[in-house]
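Heavy-atom basis, side chains included; hydrogens, waters and symmetry copies ignored.
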Amino acid sequence: MLNRKNKLLALKIISLFSVVRGYNIPVIILAQYLSAIFILAPEIRALDILLDLNLFLIVFASSITIASGYIINNFYDSRKDLINRPNKSMLDRLVSQSTKLKVYFSLNLAVALIASFISWRAFLFFSAYIFLIWFYSHKIKKYPFIGNLMAALLAVLPFFAILLYYYTKLPIYEIENYKNQFMVISAHATFLFLLLLVREMIKDLENITGDLVNNYRTIPIIYGERRSKQLITVLTIATILPVYILIDIYDVGYMDIYFYACLIFLIFFLLYLWKSNKKGQFLLLHNVLKFLIVAGVFCIVLIDPSVLWHGKKLLLSF
């Protein structure tokens, strides 16, 4: 049996895990590696990607940066979360604000050291990324639309770190040969960005009470719920363009099944959106988008499932 001191320590560890949203980190790591293998560098052998030390350090640094971002976001949103997420907020408050800041600065220092080991470009990238996350949490997220845009952009930036890692190595004369691949990458990024942006706007509808009390100037507060739904509808319909590019113009293997399923989900999503007016209904819509994003991570392997078969044979051969 754990004594009182050990129980408190265990609760604080669970609280810190909740603050950094530790359940999201493995998904982000998986998404980065699958993106590198199937989208960003498909011409490189999967095993070479997995054994690449610099790539590992980039993924590790990205994960730590995102975790520190959750901490600083939680720090600034503590009063709002007491209203919007009372149960989670009570768990998060088991770790003091000063402890959160100490962990935040420690993680950012670790990122700076890791990035310095990789290259000066990596150091500049992660320094800018850390600053943008802080600036978003401290200032930008309180403003309509620009806060949503920046939140979605910050969510996709780690994938640009990997993109830069591979494509800064290319000689200028070879860049033209990768034009089609750039288009595929851009279409994937646009689709993900739009889903993330819609999710951020749904969160504004879901958290309208806490945002109003804490003087956040979100779209539903400034322009009303109906205008917010109209904008969400336009952005959701806009996902058709990157899906069309990926399915009809370029080859994404069996992943087209995922994109067709997404379009069907999004039709019902919009129908339910216009019937929704309660926090629980907006939470359901938020979770649907989260499901589509996470499912998209696992469905990346459908671009070329043979990579998995070859990997299985390689493992069995040892």
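Considering only heavy atoms from C-beta on, I245 stays 4.5 Å or farther from F191 through its side chain. Under the 4.5 Å side-chain criterion, counting only non-hydrogen atoms from C-beta, L30 is in contact with F298. The closest side-chain heavy-atom distance from V297 to I28 is not below 4.5 Å. Within the 4.5 Å cutoff, no side-chain heavy atoms of D256 are placed close to those of L246. Using a 4.5 Å heavy-atom cutoff, the side chains of Y136 and N73 are in contact. With a 4.5 Å cut-off on side-chain heavy atoms, V198 and L266 do not count as touching. For the pair C262 and V243, the minimum side-chain heavy-atom distance is 4.5 Å or more. Using a 4.5 Å cut-off on side-chain heavy atoms (C-beta onward), F126 and S62 make contact.
Between F56 and F60, the ring planes are parallel. Angles under 30° get that label, and only those over 60° would be called perpendicular. Using bins of under 30°, 30° to 60° and over 60° for the plane-to-plane angle, the ring pair F135/F131 lands in the parallel bin. Ring geometry, W134 versus H138: the interplanar angle falls under 30°, so the pair is classed parallel (tilted spans 30 to 60°).
Under the 4.5 Å side-chain heavy-atom criterion for ILVMFWY residues, a single connected hydrophobic cluster contains both L164 and I162. Both F38 and M183 are assigned to one and the same hydrophobic cluster, defined by single-linkage of ILVMFWY side chains at heavy-atom distances under 4.5 Å. Taking hydrophobic clusters as Ile, Leu, Val, Met, Phe, Trp and Tyr residues chained together by side-chain heavy-atom distances below 4.5 Å, F291 shares a cluster with F269. Linking ILVMFWY residues whenever their side-chain heavy atoms come closer than 4.5 Å, directly or via other members, places V111 and L53 in the same cluster. Two different hydrophobic clusters hold F123 and L55 under the rule that ILVMFWY side chains link at heavy-atom gaps under 4.5 Å.
The shortest non-hydrogen separation linking Q32 to S63 is OE1-OG, 4.3 Å. Contact between I72 and Y104 at its shortest, heavy atoms only, is CB-CE1, 3.6 Å. Annotation for P158 and A155: closest pair CD-O, 3.6 Å, computed over non-hydrogen atoms. The shortest non-hydrogen separation linking P42 to L40 is CD-C, 3.5 Å. A pairwise comparison of heavy atoms in L157 and F125 identifies O-CZ, 3.4 Å as the closest pair. The two residues I232 and T236 make their nearest non-hydrogen contact at O-OG1, 2.7 Å.
Rounded to the nearest 0.5 Å, atoms CG (L197) and CD1 (I202) are 11.0 Å apart. Within the model, atoms CD1 of I37 and CD1 of I44 stand 10.5 Å from one another, a figure rounded to the nearest 0.5 Å. Distance OG/S119 to CG/N54: 7.5 Å, rounded to 0.5 Å. In this structure, H188 NE2 and I39 CD1 are separated by 4.0 Å, a value rounded to the nearest 0.5 Å. Note that OG of S228 and CD1 of I219 are 5.5 Å apart. Values are rounded to the nearest 0.5 Å. In this structure, T218 OG1 and M201 CE are separated by 9.5 Å, a value rounded to the nearest 0.5 Å.
Checked by atom type and distance alone, the side chain of Y129 pairs as donor or acceptor with a backbone atom of L154 at under 3.5 Å. Within the 3.5 Å criterion, the main-chain N or O of I71 finds no donor-acceptor partner in the side chain of N74. Using modelled atom types, one side-chain atom of K229 and one backbone atom of L273 make a donor-acceptor pair closer than 3.5 Å.
Around the CZ atom of F265, the shell of radius 6.0 Å holds no more than 12 heavy atoms that belong to other residues, nucleotides or ligands. Around the CG atom of L113, the shell of radius 6.0 Å holds more than 12 heavy atoms that belong to other residues, nucleotides or ligands.
Applying the side chain to side chain contact (heavy atoms under 4.5 Å, CB included) criterion to Y70, with sequence neighbours excluded, gives R21, N24, I66.
Note on residues 200-216: pairs passing salt bridge (Lys or Arg N to Asp or Glu O under 4.0 Å), not counting sequence neighbours, are K80-D211, E200-K203.
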Evaluation steps, side chain to side chain contact (heavy atoms under 4.5 Å, CB included), between Y272 and L284: CA-CA 10 Å; Y272 190 76; L284 176 60; 3.8 Å; yes

Stepwise side chain to side chain contact (heavy atoms under 4.5 Å, CB included) check, I29 with Y33: CA-CA 6 Å; I29 292 171; Y33 269 111; 4.0 Å; yes

L231 vs F145, side chain to side chain contact (heavy atoms under 4.5 Å, CB included): CA-CA, chis, key distance, verdict: CA-CA 10 Å; L231 191 50; F145 200 63; 3.8 Å; yes

Verdict with supporting geometry, K279 and N207, side chain to side chain contact (heavy atoms under 4.5 Å, CB included): CA-CA 7 Å; K279 180 181 175 69; N207 299 329; 3.8 Å; yes

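Tested against L194 for a side chain to side chain contact (heavy atoms under 4.5 Å, CB included), the candidates I240, L241, L235, I237 yield a single pass: L235.
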